[in-house]
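So that the names make sense, note that chain A is the first sequence line, chain B the second, and so on, each numbered from 1. Predicted model only: the values in this text are computed from it and were never measured.
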Amino acid sequence: MGLFDGVAGFGVTFSTMFRKVVTEDYPRVKKVTAPRYHGRHQLNRHPDGLEKCVGCELCAWACPADAIYVEGGDNTDEERYSPGERYGAIYQINYLRCIGCGLCIEACPTRSLTMTNEYELADDDRQDLIYDKERLLAPLLPGMEQPPHPMRLGEDEQDYYVQGPEMARRRDVHDSTSDEIDISGAAR
Amino acid sequence: MTAASERAPERTTQDEDLPPVPEGHVRLTIDDRIVDAPQGELIIRTCERLGIVVPRFCDHPLLDPAGACRQCLVEVEMNGRPMPKPQASCTMTVADGMVVKTQMTSAVADKAQQGVMELLLINHPLDCPVCDKGGECPLQNQAMSSGRAESRFVEEKRTFAKPLPISDEVLLDRERCVLCQRCTRFSRQIAGDQFIELLERGAHQQIGTEETAFGEGEDFQSYYSGNTIQICPVGALTSASYRFRSRPFDLVSTPGVAEHDSSGASVRRDWRRGAVQRVLAGEDPEVNEEWIDDKTRFAFRYTQAADRITRPLVRGADGALHDASWTEALERAASLLIAARDGLGVSGGPSQTLDDSDATPLTPGEGEEDTEREPKRGVGVLPGGRLTVEDAYAYGKFARLALGTNDVDARARVSSDEELDFLAAHVVGTGPGHVWAPSVTYGALESARTVLCVALEPEEEAPIVLLRLRKAARAGTRVHHLGQWSTPAVVKTGGHLVRAVPGEEPVALDALPDELDAALAAPGAVILVGERAADVPGLYDAVGALANRTGAKVAWVPRRAGERGALDAGLVPGLLPGGGAVADAGARAALASAWGLAGTELPATPGRDLTGILRAAADGELAGLVVGGVELDDLPDPALARAALREADVVVSLEQRHSEVTELADVVLPVAPVIHKSGTFRNWEGRDRRFATTIDPSGGSAGHVGGRAAITLPDCRVLDTLAVEMDVDLFTQTPDVAAAEFTRVAAALTDARSAAHGHLAAARQTPAEERGGEPALRLASWRQLLDGGRLLVDEPELAGTARPPRIRVSPTTATRLGLVEGAMAGLEGPRGALHLPVELADLPDDVVWAPARVPQPDGGVVTLAALGLTHGGPVAVTGGQRDLTIEESPA
Ligand code: SF4
Ligand code: SF4
Ligand code: SF4
Ligand code: FES
């Protein structure tokens with residue numbers, strides 16, 4: 001054991017003092033994530049405010065952590081939440097289980113489920129970390145109407161799906177997920 | 001189904017010396033394997049036995065081959081020459097020297113299958129995400145296994161309006177249909193309800209009903225419609241009650257046994273989060289094959305009903321029921337029952353205070369005058385007809401040991417001494433395959449050449465029996481019905497009706513047409529008798545005499561699931577658990593020693609029957625009643641039952657849900673519905689149908705009722721604990737223990753059982769004939785399958801498929817009475833009237849038919865018994881234009 005060994009041990013310490021600091025000043029300064037960061041989920045809406053989710057449970061099926069619970073419901077002419085026959089009546093994601101893998105997003109056939117960049121998913125109450133439909137649904141944007149309401153953008157659900165991308169590009173009907181639809185349109 | 005069990009002997013072509021082909025078999029090659037198959041077997045079945053799965057949609061082992069979907073194409077070579085085109089393996093039978101190549105070895109077959117799949121998908125909406133079949137869809141699966149990866153179809157798809165309700169319970173989506181015709185073939189061949197049909201041609205070919213085709217007409221009305229949903233290979237037929245409820249991977253599937261009738265049908269209960277989501281038919285070739293009726297399939301929400309009882313209740317000093325701990329409730333029930341049993345008098349019975357307040361006009365106005373009478377003493381037991389064998393056994397033991405009485409009767413319906421005598425002679429202790437007492441089985445019905453149904457309307461009272469009878473009839477069995485009119489069941493089984501005036505059935509049986517008499521004398525003939533034979537005095541005797549005269553085998557087909565088990569477990573006044581007669585000292589001694597109580601004397605007085613118990617309680621002889629799942633409206637005299645419950649000092653109710661009985665009970669002990677317990681139903685054949693717990697209430701997924709965990713215990717456990725409070729050990733803590741002990745007891749009483757009939761016959765009291773001349777009009781009546789029973793709550797879709805209640809008369813009688821078809825008429829009995837629309841039928845003249853129980857729009861029911869009307873008795877009919885209502889007559 002040499003004389004300077006004790007000091008040499010601090011070499012790492014000293015050299016680090018002149019490196020760039022990696023510590024985040026969170027929560028005072030919130031870091032902007034990468035654009036495709038897998039954050040909290042969002043249930044999107046059609047441009048008229050109807051929900052895109054059809055309650056198919058494919059997301060629940062795809063989820064490797066069994067974090068999603070869905071129960072379907074039957075749309076009626078009096079009470080309609082989504083175009084077509086079926087909507088997601090109960091929708092819950094348990095963020096104690098979710099591992100943020102995004103497989104549910106891949107599974108969703110209607111592009112209802114997407115992920116936001118929101119990463120503040122901590123709480124002091126387990127119950128509050130089970131997000132239900134109210135907390136997951138995208139906010140109503142101008143031009144949107146709180147469901148239940150009849151289909152405003154066409155006769156049946158086909159009109160919503162076939163004309164969806166086009167409607168999304170139109171200025172007057174602004175969709176919260178317009179970017180996402182553009183991307184999918186471009187990829188084809 | 002038949003094929004799966006036996007595996008075909010398989011060899012490769014390399015084998016040199018093959019054994020000779022067995023008798024009745026042919027030898028062929030499938031996918032390079034040599035196989036022997038019975039002559040006439042379909043290629044697709046032989047493939048199944050080899051473990052080769054040929055994709056298919058229309059093929060179903062229990063339906064006639066149709067060759068409708070062409071998905072099962074395989075390459076076939078006969079006599080060394082390949083057939084020009086691939087052949088449908090589900091319609092072609094095997095032949096000697098045939099060479100079959102499935103998609104496994106033949107590119108041609110594979111390509112053909114892919115082509116068919118592509119064609120099927122051309123107009124398929126592919127809306128799997130919103131389709132109830134998604135996840136368990138043969139089309140999804142086979143599109144993956146035998147379909148092209150990419151669709152080449154870019155044109156517009158054919159669309160239809162959807163979903164189309166073709167009955168209250170069944171929804172049709174014509175876009176998804178692959179026109180396999182399973183549904184139409186089921187309806188025509190199995191159920192005999194021809195409402196759903198293939199319509200139109202070409203691209204417009206579709207499944208539909210009269211209503212979908214013409215915009216009006218009859219619904220797809222059938223007691224078996226749910227089976228079409230289950231066998232539809234796509235999501236074209238879906239159930240309104242299961243619509244969008246869940247996905248197959250959410251569900252835990254547990255095998256069970258049908259609880260709504262005595263069929264013992266095997267079912268599969270699919271549940272999620274502590275609640276059953278749907279019930280499907282299970283497979284049991286010996287019992288229900290693969291079919292169940294809609295009541296079994298769709299009536300399961302009663303376990304979640306708002307009126308479920310999940311905590312013990314004790315009536316407090318204020319006259320209301322209050323939640324109590326088990327300890328408190330059991331202690332109270334035990335002390336009340338001991339007091340009632342020993343005639344100690346129950347001081348300050350809170351039920352008295354309640355009773356006076358809600359007397360109804362139906363209460364007999366008696367009771368107050370004779371205050372100087374014997375103290376009330378004894379407890380009667382009315383367990384009801386829905387118990388498992390284990391629970392029934394516990395009731396029987398509880399009555400004998402804890403209450404010291406034979407006053408126990410599970411027959412919550414019309415019954416008689418004659419019935420008991422008949423049952424002891426022909427039914428008690430029999431079972432399929434019993435060496436000394438073999439019973440009639442479903443298989444025996446199928447192989448019988450002649451079947452006679454007496455006092456049994458199989459479609460309404462035993463729907464699975466009807467399916468077997470129909471299957472038999474299609475194969476040549478002559479099924480005769482002793483009845484009043486050509487009911488759907490009569491028509492479906494060949495239309496052989498022996499018309500009898502109601503009440504005169506015994507006479508008709510004594511004077512059967514000679515051919516029928518002779519046919520019944522031929523080996524294998526079967527007589528099926530229903531529980532309502534007790535309606536007609538002398539009918540059971542006449543059936544017994546007919547059986548003795550012809551040698552035909554007799555089977556008794558009760559309606560409720562627990563009737564048969566209750567009979568064997570001694571829940572009838574004259575019989576002990578295990579089947580010995582109460583009056584037989586030897587039987588009592590044998591039972592006492594089997595119970596390890598040698599030296600103790602079991603109660604020797606034969607008990608009272610249901611009416612006797614109720615009358616004794618109403619007259620103030622009996623001090624207490626222990627009541628199980630009994631609905632007062634089902635009883636022969638509901639008014640008497642209400643009076644009895646009010647008059648009894650002590651009423652202990654073991655119930656699943658609040659009822660008229662719990663309203664009058666002093667202590668209510670909650671018991672578990674079938675899904676929360678294990679047990680055995682003994683079906684009409686005497687076959688034990690054991691089932692395990694569907695949803696374990698003590699496990700993580702306890703059933704929830706109104707947000708509270710519903711942990712309830714089986715009757716046998718509750719009675720065992722209650723007995724312990726009364727210082728008696730029943731040893732029925734669990735259904736398993738109870739079942740084991742019951743088997744032991746039944747074996748110990750084998751000898752006594754054969755002597756029981758003699759004892760009962762000797763003790764029989766024939767009710768006095770009180771027939772005052774020929775009534776001008778007689779009533780014929782029985783219950784319909786869906787008539788607003790207790791277990792049908794919260795099932796609006798199912799209720800919508802019920803047969804509408806009608807008054808039926810012959811055209812001549814209608815003319816004489818001035819009744820018009822379709823108009824309302826009133827049935828008048830001594831205690832009120834019931835108004836229903838009139839329909840004409842081929843009844844004997846001067847006979848009126850009406851259903852025995854009619855649900856009312858307000859949720860209540862009207863029973864003919866409550867109006868004082870009985871099958872075979874006099875009735876008056878008035879023409880009128882009023883609604884389906886009951887009127888209280890002033891009398
Ligand atoms: S979010 Fe998408 S995948 Fe999940 S249930 Fe709704 S539609 Fe189906
Ligand atoms: S029937 Fe099958 S393939 Fe067709 S939509 Fe339904 S799940 Fe999908
Ligand atoms: S409705 Fe279903 S069972 Fe009937 S023909 Fe169509 S696919 Fe077959
Ligand atoms: S399964 Fe053979 S033609 Fe349909």
Original post:
Picking from Asp250(B), Asp127(B), Thr159(B), Val130(B), which has the most non-hydrogen pairs under 4.5 angstrom with chain A?
Top reply: Val130(B)
**OP:** Kindly give the heavy-atom pair with the smallest separation between His46(A) and Glu51(A), and that separation in Å.
**Re:** CD2-O, 3.6 Å
Subject >> Any Arg269(B) side-chain heavy atom under 4.5 Å of Ile675(B) side chain >> reply: yes
Subject >> Heavy-atom closest contact (Gly208(B) atom, Leu199(B) atom, distance) >> reply: CA-CD1, 3.6 Å
Subject >> Interface moiety of Tyr87(A) toward chain B, non-hydrogen atoms closer than 4.5 Å >> reply: neither
**OP:** Could you tell me which portion of Arg247(B) (side chain, backbone, both or neither) has an atom closer than 4.5 angstrom to a non-hydrogen atom of chain A?
**Re:** both
**OP:** Quick one: list whatever passes side-chain contact (heavy atoms from CB on, under 4.5 Å) with Asp124(A), sequence neighbours left out.
**Re:** none
Subject >> Proximal component of Cys128(B), with respect to chain A [non-hydrogen, under 4.5 Å] >> reply: neither
